[in-house]
Amino acid sequence: MTVEKLIVRNPWFIAFAIVAAAHLILNGADVAPWDGITKVMLAPLLAAWVLADHGPKIVAAALVACAFGDLFLLWDATFIVGMAAFAIGHLCFIRFFISRGALHGIRKNPWVLLAYVAAAVVLVVYTWSGLGDLQIPVPIYAAILVGTAATSLAYNKIAGSGGALFLFSDAVILLGQADKWQPEPTDIWIMASYILALLLLTVGILSRERRTSPINAVDAQNRARLGQ
C-alpha cells in the first residue's frame with residue numbers, strides 16, 4: 001500500500017495533524033498548560049492508529065512509552081524519568097526492526113551505522129563538559145537512539161527518515177541542556193522534527209506491514225479476482 005492511500009482521509013492521521021498543528025501554535029505562543037497537553041496527546045494518537053490498523057503491538061508500545069517520555073519531560077525534576085521512558089520506546093522500536101531483518105541490512109551496508117555512531121560520539125564529546133549529572137545516562141541513551149536510527153533505515157527509507165529526525169530532535173535538546181547551542185525558536189525546531197519523526201516512523205512501519213501482511217495479501221488476491 002502506498003503512503004498516500006494510507007494517510008488520505010485516515011481519521012487517525014487527520015486527528016494527529018490537527019493536534020500537531022495546535023501544539024506548534026500553542027507552543028510558539030507559550031500557552032500553558034495546553035501546549036503540554038497537546039504534546040502528550042501526539043504519540044498516543046499514533047499508537048491508537050497502529051492498533052486500529054492491526055499493526056505491530058510492540059510499535060504501539062514504543063509510542064506509548066514516548067508519550068510517557070513527553071509527560072515526564074514537562075517537569076525538570078523528572079527529566080531523567082522522561083529519558084528512561086524514551087529509551088524504553090526506542091528499545092521497542094529496535095526490537096521490532098530487528099525482527100524484520102534490520103541486522104541483515106546493516107551488515108550489508110555498515111557505513112550508515114558507522115556514520116551515526118561517529119556523529120553520536122562527536123556530539124557526546126562536544127557536550128560532555130556541560131552535561132553534569134547527565135554524563136552517565138546520555139551516552140547510554142545516545143547509543144540506543146543510534147540503534148533506532150540505523151535499524152529503522154535498514155527497515156525502509158520512510159521509517160529511516162523518522163529515525164534520523166528523532167536523532168536530530170534529541171541532539172538539539174542535548175545541545176541546549178549542555179548550553180552549547182540553542183536555535184531560535186528552540187522549541188519549534190525540537191517539536192517540529194520530533195512530530196515528523198513520530199509520524200514517519202509510524203507511516204513507514206504501517207505502509208510496509210500492510211504490504212507484507214498475509215491477511216492483506218489474501219485480501220488483495222480476492223480483490224484482483226473480483227476485478228476491484
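- Side-chain atoms of Val50 and Lys57, non-hydrogen and from C-beta on, never get closer than 4.5 Å to each other.
- Here Tyr126 contributes atom OH and Lys180 contributes atom NZ; the two are 5.5 Å apart, rounded to the nearest 0.5 Å.
- In terms of modelled atom types and a separation under 3.5 Å, the side chain of His90 and the main chain of Leu145 share no donor-acceptor contact.
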Please walk me through it: do Phe93 and Phe166 pass ring-ring contact (aromatic ring centres under 6.0 Å, His included)?
CA-CA 12 Å; Phe93 277 125; Phe166 221 127; 7.2 Å; no

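- At a threshold of 4.5 Å between side-chain heavy atoms, the hydrophobic network of Ile, Leu, Val, Met, Phe, Trp and Tyr places Val203 and Val19 in one connected group.
- Judged purely by atom type and a 3.5 angstrom limit, Asn10 uses its side chain to pair as donor or acceptor with the backbone of Leu6.
- For the atom pair OG1 of Thr38 and CD1 of Ile18, the computed distance is 13.0 Å after rounding to the nearest 0.5 Å.
- Between Ala67 and Ala43, the shortest heavy-atom contact is N-CB, 3.9 Å.
- Considering only heavy atoms from C-beta on, Trp34 comes within 4.5 Å of Ile37 through its side chain.
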Can Met41 and His23 be said to form a side chain to side chain contact (heavy atoms under 4.5 Å, CB included), step by step?
CA-CA 9 Å; Met41 289 173 62; His23 171 72; over 6 Å; no

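- Under a hydrophobic-cluster definition in which Ile, Leu, Val, Met, Phe, Trp and Tyr are linked whenever side-chain heavy atoms come within less than 4.5 Å, directly or via other members, Phe79 and Leu71 are assigned to different clusters.
- To the nearest 0.5 Å, atom CG of residue Leu175 and atom CD of residue Gln177 are 10.5 Å apart.
- Interatomic distance, Lys157 NZ to Ser152 OG, rounded to the nearest 0.5 Å: 13.5 Å.
- In this structure, Val112 and Ile106 have side chains that are not in contact, with every pair of non-hydrogen atoms separated by 4.5 Å or more.
- Between the Ser169 side chain and the Leu165 main chain, no donor and acceptor come within less than 3.5 Å of each other.
- With a 4.5 Å cut-off on side-chain heavy atoms, Leu134 and Tyr141 do not count as touching.
- Judged by distance alone, with hydrogens and angles left aside, the side-chain atoms of Asn156 form a donor-acceptor pair with the main-chain N or O of Gly204 at under 3.5 Å.
- Hydrophobic clustering of Ile, Leu, Val, Met, Phe, Trp and Tyr side chains at less than 4.5 Å, counting indirect connections, keeps Leu51 apart from Val59.
- Between Ile80 and Pro137, some side-chain heavy-atom pair lies under the 4.5 Å cut-off.
- Between the CG atom in Leu174 and the CG atom in Leu131 there is a gap of 5.5 Å [rounded to 0.5 Å].
- With contacts defined as side-chain heavy-atom distances shorter than 4.5 Å, the pair Val81/Phe68 does not qualify.
- Minimum heavy-atom separation, Ile195 to Ala20: CG2-CB, 3.8 Å.
- Cluster membership check: Ile173 shares its hydrophobic cluster with Val121, using side-chain heavy-atom separations under 4.5 Å among Ile, Leu, Val, Met, Phe, Trp and Tyr.
- By the rule that hydrophobic residues join a cluster once side-chain heavy atoms approach within less than 4.5 Å of another member, Leu153 and Leu200 end up as members of one cluster.
- No donor-acceptor contact under 3.5 angstrom links the side chains of Asp170 and Tyr194, judged on distance only.
- Looking only at side-chain heavy atoms (C-beta outward), Ser99 and Tyr155 stay at 4.5 Å or farther from each other.
- Remark: the backbone N or O of Pro56 is not paired with any side-chain donor or acceptor of Glu209 at under 3.5 angstrom.
- Two residues are said to be in side-chain contact when any heavy atoms from C-beta on lie closer than 4.5 Å; Leu199 and Trp49 meet this criterion.
- Across all their heavy atoms, Val146 and Ala120 have their closest contact at CG2-CB, 3.6 Å.
- Listed here is the closest heavy atom pair of Pro139 and Ile136: CD-O, 3.3 Å.
- Residues Gly163 and Leu201 share a closest heavy-atom pair of N-CD2, 4.0 Å.
- Across every non-hydrogen atom of Ala171 and Leu123, the tightest pair is CB-CD2, 3.6 Å.
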Pair Asn27, Asp30 - check side chain to side chain contact (heavy atoms under 4.5 Å, CB included), show working.
CA-CA 5 Å; Asn27 186 274; Asp30 195 22; over 6 Å; no

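- The structure places CZ of Phe13 at 12.5 Å from CG of Leu206, a figure rounded to the nearest 0.5 Å.
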